[in-house]
Amino acid sequence: MGSPMKIRAAVKDGVTEVKVLMQHDMETGLRKDAAGAVIPAWFITELTAKHNGRVVLEAQFGTAVSKNPYLVFRFKGGAKGDKVTVSWKDNKDDSRSDEVEIAEKA
Amino acid sequence: MKTSRMLLALTLAAPLSVFAADEDRSAEEIAKYREMISDGNPAELDEMRGEEVWKTPAGSNKATLEKCDLGKGPGVVKGAYAELPRYFPDTKRVQDLESRLLTCMTTLQGIPEADIVKAPFSTEKKKSDIEAVVAYVAGQSRGMKMAVSLKHPKAKEAYEIGKRIFYYRAGPYDFACATCHSENGRRIRLQDLPNLTTNIGAQRTYTVWPAYRVSQGLFRSFQWRLNDCFRQQRFPEPVYGSELTVALTMFLAANANDAKYDGPGLKR
């Protein structure tokens, strides 16, 4: 199982802003190690975000996304206390899912 | 003749002013870039991991670090970093966060000091536990005022030793920390070098370390920062948590007093 994400979600005027910081090496498969051997590609392929079980964002990631990706998105709706779940899958069939409650935005 | 001289003067002056404007603009752009990335600082992931390490039993004693006294009582993490380094009566010496964590890990958890000291810094292959704890503890002082006390004679002594080290010229390049860090407006390539002898310079620098280094993709502790400074000066690298590193940290931390602690930071 992957390392935990850091997720923050806050609602203001009916729009929820979600900030996700993922922990992942995101190897492109183009780098070589000190011995000259290729470091195999290892990256997040799919990401899904749900609000109370409803899909609000689906994304396909590739090798162009940086190490420890940071993603910000907004969706309409959401109330304080609702659940936002973010999950990803990578090309080694590893996955991770984390959940937060929506907070009120100051 | 006269016109040509004037032309020459103009052509000489023009590139200079353009260069100055460029420099201002690039500094502005860098500031903008820093602001953009400051939100998703991956150091937060290390803070999360550090909290786990703090609460996970380890070593031959199967103990956690939760009883570790960072100067504000056993287990008090909030605000501890803003007051470090400080004098600790139990060890009878001045300690920074990292040498204090060494004490806690050896006495509370029973991990041999040599095991930690031989590889205290993260590499791409293996992340360091102690560095993660540094991230966690430092993060718990975010927004607090730097308040390092020099009241204890040992603390004052450490500050004076640190100052001596800062100005001490040695090595094949006859270098000192002060060679690069005691004048305003200096830089190496595109990196502005802070003047650490002034309060404002020390404050700006000290309050954003430890930090996540984007170019290395790793979180770096303050001991690592000092180690790398010594390496760049072609000095032998100091022993982790040694008196020398603590004294130098004391000098810089006390110079940064009264500023708001804003770390862990994000560096290029």
Side-chain angles (χ1 to χ4, degrees), chain A residues 1-10 12 16-44 47 49 57 59 61 63-74 84 86 88 90 94 96-100 103 105-106, chain B residues 30 32-56 119 121-140 142-143 208 210-221 224 262-268:
Chain A
M1 197 169 78
S3 310
M5 287 175 250
K6 177 137 189 162
I7 311 173
R8 274 166 296 187
K12 193 189 183 183
T16 304
E17 185 176 58
V18 185
K19 298 175 174 179
V20 193
L21 185 60
M22 292 156 255
Q23 191 159 353
H24 203 285
D25 274 10
M26 300 298 286
E27 280 295 346
T28 60
L30 301 171
R31 292 201 317 143
K32 286 173 184 166
D33 65 15
V38 171
I39 304 170
W42 178 32
F43 55 95
I44 295 173
L47 178 133
L57 178 90
F61 277 21
T63 52
V65 177
S66 80
K67 178 173 180 170
N68 298 333
Y70 178 58
L71 174 74
V72 183
F73 64 93
R74 297 176 192 86
V84 169
V86 180
W88 57 249
D90 70 17
D94 195 4
R96 175 83 204 183
S97 191
D98 286 286
E99 188 176 76
V100 283
K105 200 174 188 177
Chain B
I30 290 171
K32 247 193 251 169
Y33 166 73
R34 288 215 172 111
E35 165 136 27
M36 265 164 64
I37 57 175
S38 67
D39 214 11
N41 187 347
E44 286 182 34
L45 298 169
D46 294 273
E47 284 178 45
M48 278 164 71
R49 193 168 73 86
E51 192 174 356
E52 281 295 313
V53 176
W54 182 263
K55 291 174 178 164
T56 308
F121 307 125
S122 294
T123 63
E124 235 177 76
K125 288 214 172 71
K126 195 175 180 314
K127 287 213 170 176
S128 139
D129 280 350
I130 199 164
E131 266 188 322
V133 176
V134 167
Y136 165 59
V137 174
Q140 293 295 309
R142 200 181 282 119
V208 293
Y212 181 86
R213 259 282 157 86
V214 176
S215 54
Q216 299 170 356
L218 291 170
F219 177 81
R220 294 306 195 183
S221 70
W224 175 88
D262 208 17
L266 186 60
K267 297 276 178 181
R268 64 169 173 93

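Note: hydrogens, waters and symmetry copies are ignored here, and every other heavy atom, side chains too, is used.
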Distance only, no hydrogens: is a donor on one side chain within 3.5 Å (strictly under) of an acceptor on the other, for A:Tyr70 and B:Asn41?
no
Please answer whether the main-chain N or O of B:Glu44 pairs with a side-chain N or O of A:Lys6 as donor and acceptor at a distance below 3.5 Å.
no
Heavy-atom pair with the smallest gap, counting every atom of B:Pro42 and A:Asn68:
CB-ND2, 3.8 Å
Test of understanding: with salt bridge (charged side-chain N to carboxylate O under 4.0 Å, His left out), list the residues that count as partners of B:Glu47, not counting sequence neighbours.
B:Arg142
Closest non-hydrogen atom pair, A:Met22 against B:Leu45
O-CD1, 3.6 Å
Hey, what do you get for OG (A:Ser3) to NZ (B:Lys127), rounding to the nearest 0.5 Å?
7.5 Å
Should we say atom CD of B:Glu52 is surrounded by more than 12 heavy atoms from elsewhere, each under 6.0 Å from it?
no
When the 4.5 angstrom heavy-atom criterion is applied to B:Glu124 and chain A, the contacting part is side chain
Where B:Met48 and A:Pro4 come nearest, the two heavy atoms and their spacing
CE-CB, 3.7 Å
